[in-house]
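Below you'll find the structure, written out as structure tokens, and then a few comments.
Worth saying up front: this structure is predicted, and the values here are computed from it rather than measured.
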Amino acid sequence: MLFANAKLKKGIELVLEELDVKGICHDADLVITGEGRIDGQTLYGKAPIGVASCAPHQARVIAIWRQCR
């Protein structure tokens, strides 16, 4: 990291930045996102939380997932 002047980023941060999710969602009223499983790790950087953080304050965010048995 020192020689390449690199910085560590969470994977979701990189994906959201590359896809310009903030720009796409800037005037959205509803944002729908999904995840294979919503669990205790979801709050620590999985896609639904990352996408929700990019949504404008007035937007409703709905997360869907597939229930596994």
Side-chain angles (χ1 to χ4, degrees):
M1 288 179 45
L2 178 66
F3 297 111
N5 197 25
K7 295 179 183 177
L8 285 177
K9 278 189 176 182
K10 291 182 178 182
I12 187 63
E13 290 176 5
L14 181 63
V15 171
L16 294 172
E17 185 179 304
E18 289 298 313
L19 295 176
D20 188 29
V21 175
K22 278 190 180 185
I24 293 168
C25 294
H26 78 278
D27 62 349
D29 295 319
L30 175 66
V31 177
I32 301 172
T33 184
E35 182 67 42
R37 181 176 182 168
I38 294 180
D39 55 23
Q41 294 180 345
T42 301
L43 293 175
Y44 299 101
K46 285 178 127 180
I49 296 298
V51 172
S53 72
C54 292
H57 290 291
Q58 76 276 8
R60 293 179 186 236
V61 178
I62 297 173
I64 57 173
W65 71 94
R66 178 176 173 246
Q67 184 161 347
C68 300
R69 293 184 183 242

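Grouping Ile, Leu, Val, Met, Phe, Trp and Tyr residues whose side-chain heavy atoms lie under 4.5 Å apart, directly or via other members, leaves L2 alone, with no other cluster members. Residue L19 belongs to a hydrophobic cluster whose other members are I12, V15, L16, V21, V31, V51, V61, with links defined by side-chain heavy atoms closer than 4.5 Å.
Considering all non-hydrogen atoms of both residues, P56 and C25 come closest at CD-O, 3.0 Å. Closest of all the heavy-atom pairs between A28 and A59 is O-CB, 3.4 Å.
Within the structure, side-chain hydrogen bond (donor to acceptor under 3.5 Å, both in side chains) pairs that include any residue of residues 21-36 do not occur (at least two apart or interchain). Applying the side-chain hydrogen bond (donor to acceptor under 3.5 Å, both in side chains) test to pairs two or more places apart or on separate chains, none has a residue in residues 50-60.
Around CD of E13, the count of heavy atoms belonging to other residues, nucleotides or ligands within 6.0 Å exceeds 12. Under a cut-off of 6.0 angstrom, the local environment of CG in L30 is crowded, with over 12 non-hydrogen atoms contributed by other residues, nucleotides or ligands.
When the side-chain hydrogen bond (donor to acceptor under 3.5 Å, both in side chains) test is applied to K9, the partners found at least two apart in sequence or on another chain are E17. For the side-chain hydrogen bond (donor to acceptor under 3.5 Å, both in side chains) test, residues two or more places apart in sequence or in another chain that qualify with D39 are K46.
Hydrophobic clustering (ILVMFWY, side-chain heavy atoms < 4.5 Å, transitive): I49 and Y44 are in one cluster.
Note that CG of L8 and CG of L14 are 12.0 Å apart. Values are rounded to the nearest 0.5 Å.
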